[in-house]
Each structure stands twice: as C-alpha cells, then as structure tokens.
Amino acid sequence: MVVRTRFAPSPTGYLHLGSARTALFNFLFAKNQKGVFILRIEDTDRERSKKEFVDDIIESLQWLGINYDEGPIFQSERIEIYKRVIEELLNKGKAYRCFCSKEELENKRLEQITKGEPPRYDGTCSKLTKEEINEKLSRNVPYVIRLKVPEQVLTFKDLLRGEIKYDLRLIGDFVIAKSENEPLFHLATPVDDYYQGITHVIRGAEHIPNTPKQILIYKAMNWKPPIYAHIPLILGEAGGKLSKRHGAKSIKEYRAEGFLPEAILNFLVLLGWHPKREKEIISIEEVIKEFNLEDVEKRSAVFNSKKLIWLNKFYLRKKTSQEIEKIILADEYLKYLRDYLNKYPKEITYKIIELGKERANTIKEIFETMKFLYEKFDYPKELLIWKDYTFDQIKSSLINVRENIKNIPEDKFNYEFIKQVLDTLSEDKGLTYWPLRVALTGLEASPPPIDIMLIYGKEKSLELINKAIDKLNDIQIS
RNA sequence: GGCCCCGUCGUCUAACGGACAGGACACCGCUCUUUCAAGGCGGAAAUACGGGUUCGACUCCCGUCGGGGCCA
C-alpha cells in the first residue's frame, strides 16, 4: 500500500510555524515511506478564506522546500462530491434534516444544563415522518443536516498515543452541513480524505476531539478509516497555542528578515522529533531517511526563538558571500536589501558580507552590523577611551596611528602590512586598536579595524581618524 | 464547567524496569582576543507531588496537582 498524507490548511491566515510543522511532518513521513504528499486547501468557509492566504501557503511551502506531489486541491471546487455524500447519508437514514430553530435549540440547551446533563441535540427531528419533512420543505422552513450518532463509546487508535476513548453520548447528533450545498468541516474533511486515498492523517493535537466525529462519517458511509497520528502542539513562549493572533510570526515574516529555510526546517523538525544519534544540526535529506512517526514526542513543545536564531546564525555563517548575494537578488522579500549591494564595488561588498555574516543572526542583520559603512555616524568622544587612559593619551595614540598609516604606500595597504605597522605602536595593543576602531565605526562592538580600513581605503580611513582627533581637541578647549 | 491529551534542567530533548539522569539552546565563569562574533574549557540547572507494584521505578498502576486542547 502506498502511503498518502496530506496537509489541509484553511486559508484564513498566513502560514505560520505551527502549521508549517504539520506540513513538514506529513511531508517527512510520506517521503520516508516513499509515499505521496498532497496539499489540500480547505476553503469551504467562503467568508474567511482569502486568495491572499492561499498564495501565501503555497509560496511559503515552496520556499521551505516542503514540496507536494499532488494538489493544491480546493474543497470549494468539490461541492458536488459532498452533495452526493450528504444525499446518500440522507437516503440511508444515517443523517437527517433538522428544522429546529435557534431559539428552540437554545432553550433545550439551557434546560439540559440546569438538569446537569451535557448539552447536546435531543434528536427531535430524527423522528419526523416523511410527510412532516415534505411539509416543512414545501414551506421552506430553514434546516441543517445532522448525522445520527450512536449512543456508545467510540475507540480509535492514535499512532502516537495508543487507544483514545470517546463517549459519543456527549456529542449528540451534530451538524455536518448547513444544507446540501454547504458542507461543514466535519463532513468535508473525511470525505476528501477518503476520496483522495489518504492513508495517514497527521495533524495537530487540537484535532483529537474532532476525530471521533470524522470516523463516524466513515462508518456511516461504510468506508475504512485512515490511520490517525496527532502530533503535539507548539505553544507560544508566553504559553498557549502558537497562533496567528498570539504574536506568532508567519513564515513570510521570517523570510523577509533573512532567516534561511534550512534553519527553520531544522528547528521545526527538532520540535517533537530527534535523530537517533544525538545531534542538533541535521539536513532534511538525513531526516527523511530516519523519520519515524512513532518516535514523535507526545507532549506539546514551547517555541524557543533563541534556538531558531542560533540555528539560523549557524547556517548563515556557512554560506559564502556570493551565496548570500544570490539569495538577496533572487528573493522578492529581500528586495529592500538590494541597495546595499551597489554602494561599493563587488569585491568590497563580498568582504562586507563576509565580515557581517560572522556576527549577524539574519541576512538583514548583516547590513545592520555594517551600517557605519552606509550612513553617517556619530559617537560620544568618551567612547574613544580605552581602559583608564586619558583623553591626551588616546589622542596621541590616534595621531601616532594616523602618521604611520599615512606613511604606508598605497601598494602596501594590505592586511599583513598594516598589522605589522600597528602592532608595534604600543605595548598595550588595545590603546592602538580600540580608539582606531571606534573612530572607524562609532560603535562599541564591530568587526576589527584593519578589515574596515581595507574597505574604506586609506583616504577615507585617515579622514575618520582625523575626525576622532578633532573630537578630542575640543576637550582641551572646554 | 464537561470531555480529551500531556507532565525529565528556564526551553528543546536522551535514558531494554538496573549509569554520577546524558546532550543542545539560553544563562554564569574562565580562556583566546583591541571590541563584538565565533571557538575552547568549566559551572549552575530536571525526573510535579503522594501512594502503590518490584530486590530495584524517570520508566508500570492509582490518586492529587499542574499545563494544554476541544466543546459549551
């Protein structure tokens, strides 16, 4: 039997980390089993479904490399199929039309609650005769369609959790469609899973309570249910389900900040699963080989942004400047960084990226780290002070540095030579390098000064050193 | 509130019923170093609690508590 899995999001928001991981686990399991992974868009809720979100889901999955073999299949285009199933259920007496009004239902509900019973539909309309139904239909009394739910305990097997028992008496005859043309989630999902030959339904643990309802549809239609695996939820750092409105960023946002797909994938896979040999860095190809649903952790995982950042930094440092340039040029979402690529000659730009990526968490931060190269900067003169040295001592150090750099011939203006010159200027190298570095960057923390001088060139470097010396001259006047 | 799921360092996790309960992120030292980053070395840090079962429990059972989810 060929394994078939699916990722079935409702396009009511951008793809975020939680749903991306659900997609990923479906993908990994299918690939591990040499099976088929399907994308299905559950857009039966016309009100809340938006094309924009459909596009985002597709685009983000593609960016992450979670490629589907079939789809996207849109539920909105399959109304005829649901209609057929609904009619069959109606004809077989497995489902019925319920004409009860909102008020009636509400009254019944309150009554049940005061009696201490679980609130559920009492099945009034299931007892209607054919004549009564036709009479109501001819009068156009509004109705919904309910499934007849047997009074028993349903047990199903979850691949991660074992047997899960559910008392169906608590559910009552639930609504499966607003009408023949308007199927609800609990109908459309199992119908699609069946017709699309889904063998394994892998989804978030929030769907555990939905599963018995969906199995009931299978039973009513005499279909064989799939295997279910409910993977743990990802909780936000503040607690609670990671959700769009709970500050969870979309994949798109991570992408626009310059996170790398391999870092996000690596991060997500480690949330609930781990490789046999202890390691943190793992490629998706390796995971596909090893992936196993039974090994997936049962408890929900708290999202830890620090670890994501650590992974991203790791992968970023492994990229060459040319690769990073390529990413910026290819990705529309990083368009806003493209200007940085043209401010200096190409070779210099590579050098800048080289220095920046060693320190940055994201592609965006590469240029933030090196921002002194791109815009005017200022700093308080106190920043020039190294340890407990006086302004005078700092000033003479800078003058000394300036004169020595001035004397370096243009053709000797390279790393080794400059280093040789500067290293001899003082016993305490910090006295040479700290004020120089501040003069060149205006920052407390930055890449090393010689590298920066090589980017600026001799002339601009001397200009910035002079500016620092001027700052210190002011001191004496005041 | 009812039902369901879950419970190992702050976080992600490892540990055939039998090790000093291991690793990673974060944190704190030290080291390297002009600063930052990266690296190296080291540290603090957990089996929720209470009962059983067993020669022996993180591991199995029950209860309590806690967290989360779904429905209302």
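Proteins come first, then strands; the chains are lettered A, B, ... in the order of their sequence lines, and each starts at number 1.
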Query raised in the report: Using 30° and 60° as the class limits, which term best fits the ring planes of A:His230 and A:Tyr228: parallel, tilted or perpendicular?
Result: parallel
Query raised in the report: Which nucleotide, in any strand shown, forms a Watson-Crick or G-U wobble pair with B:rC65, with both distances under 3.5 Å?
Result: B:rG7
Report task. Give none if B:rU54 has no partner; otherwise give the nucleotide forming a Watson-Crick or G-U wobble pair with it, both distances under 3.5 Å. Result -> none
Query raised in the report: Does the ring of A:Tyr218 carry A:Lys224 above it, NZ/CZ under 6.0 angstrom from centre and within 45° of its axis?
Result: no
Report summary line: To the nearest angstrom, the NZ-P distance between A:Lys298 and B:rC6 comes to 7 Å
Report summary line: Checking N1-N3 plus N6-O4 or O6-N4 for Watson-Crick, or N1-O2 and O6-N3 for wobble, each under 3.5 Å, the partner of B:rU35 is none
Query raised in the report: Rounded to whole angstroms, how far apart are CZ on A:Phe314 and P on B:rA37?
Result: 18 Å
Query raised in the report: Using purine N1 to pyrimidine N3 plus N6-O4 or O6-N4 for Watson-Crick, or N1-O2 and O6-N3 for G-U wobble, both under 3.5 Å, which nucleotide pairs with B:rA15?
Result: none
Query raised in the report: Among B:rA14, B:rC5, B:rG68, which nucleotide sits nearest the side chain of A:Leu235?
Result: B:rG68
Query raised in the report: Given atom CG of A:Asp451 and atom P of B:rC36, what is their separation to the nearest angstrom?
Result: 16 Å
Query raised in the report: Distance between the C1' atoms of B:rA14 and B:rG1, in whole angstroms?
Result: 39 Å
Report task. Provide the Watson-Crick or G-U wobble partner of B:rA21, both distances under 3.5 Å; none if there is no partner. Result -> none
**Report entry** A:Arg40 to A:Phe7 six-membered ring, cation-pi geometry met (6.0 Å, 45°)
**Finding:** no
Report task. With A:Lys395 as the cation and A:Phe391 as the aromatic partner, state whether NZ or CZ is under 6.0 Å from the six-membered ring centre and within 45° of the axis. Result -> no
Query raised in the report: Rounded to the nearest Å, what distance is computed from the CG atom of residue A:Leu425 to the P atom of nucleotide B:rU34?
Result: 14 Å
Query raised in the report: Looking at residues at least two apart in the chain, or sitting in another chain, which of them share a ring-ring contact (aromatic ring centres under 6.0 Å, His included) with A:Tyr433?
Result: none
Report task. Determine the sole option in A:Leu308, A:Asn361, A:Leu260, A:Thr362 for which the side-chain contact (heavy atoms from CB on, under 4.5 Å) test with A:Lys313 is passed. Result -> A:Asn361
Report summary line: Residue pair A:Ala205/A:Lys429 against RNA chain B: nearer the 5' end by closest nucleotide is A:Lys429
Query raised in the report: Which whole number of Å gives the distance between the C1' atom of B:rA45 and that of B:rC27?
Result: 10 Å
Report task. Between B:rU8 and B:rC60, how far apart are the P atoms? Round to whole Å, please. Result -> 13 Å
Requested in this report: Could you state the atom-to-atom distance from CZ of A:Arg317 to C1' of B:rC36 in whole Å?
Outcome: 12 Å
Report task. Record whether the side chain of A:Arg161 comes under 3.5 Å of the base of B:rC5 through a donor-acceptor pair of N or O atoms. Result -> no
Query raised in the report: Considering every strand shown, what is the Watson-Crick or G-U wobble mate of B:rG2 when both distances are under 3.5 Å?
Result: B:rC70
Query - Euclidean distance for P, B:rC12 against B:rC55 (whole angstrom) - result: 37 Å
Report task. Round to the nearest Å and state the distance from A:Ile450 atom CD1 to B:rC36 atom P. Result -> 17 Å
Query raised in the report: Of A:Glu358 and A:Gly430, whose nearest nucleotide on RNA chain B comes first from the 5' end?
Result: A:Gly430
Query - A:Trp273 side chain near A:Leu28 side chain, heavy-atom distance below 4.5 Å - result: no
**Report entry** Integer angstrom distance from the P of B:rG39 to that of B:rU47
**Finding:** 30 Å
Requested in this report: With the side chain of A:Leu170 defined as its heavy atoms from C-beta on, choose the nearest nucleotide among B:rC12, B:rC36, B:rC3.
Outcome: B:rC3
**Report entry** A:Glu262 with A:Lys319: basic N within carboxylate O range, under 4.0 Å
**Finding:** yes
Query raised in the report: What is the minimum heavy-atom distance between A:Glu280 and A:Asn266, and which atoms define it?
Result: O-ND2, 2.9 Å
Report summary line: Each nucleotide of nucleotides 23-28 of chain B classed B (base within 4.0 Å of a protein heavy atom), S (only sugar-phosphate) or -, in 5' to 3' order, makes BBBS--
Requested in this report: Scan A:Gly272 against the nucleic acid and name what it touches under 4.0 Å (heavy atoms): base, sugar-phosphate only, or nothing.
Outcome: sugar-phosphate
Report task. Round to the nearest Å and state the distance from A:Leu311 atom CG to B:rU11 atom P. Result -> 19 Å
Query raised in the report: What nucleic acid atoms does A:Pro449 come within less than 4.0 Å of, heavy atoms only: base, sugar-phosphate, or nothing?
Result: base
Requested in this report: Provide the distance between the two C1' atoms, one in B:rG63 and one in B:rC41, to the nearest whole Å.
Outcome: 47 Å
Report task. In whole angstrom, give me the gap between the C1' atoms of B:rC58 and B:rA21. Result -> 8 Å
Report summary line: Atom CD1 of A:Ile164 and atom C1' of B:rC4 are separated, to the nearest Å, by 8 Å
Requested in this report: With heavy atoms under 4.0 Å as the rule, sort A:Pro435 into base, sugar-phosphate or nothing.
Outcome: nothing
Query raised in the report: Say you pick atom P in B:rG10 and the same atom in B:rC49; how far apart are they, in whole Å?
Result: 12 Å
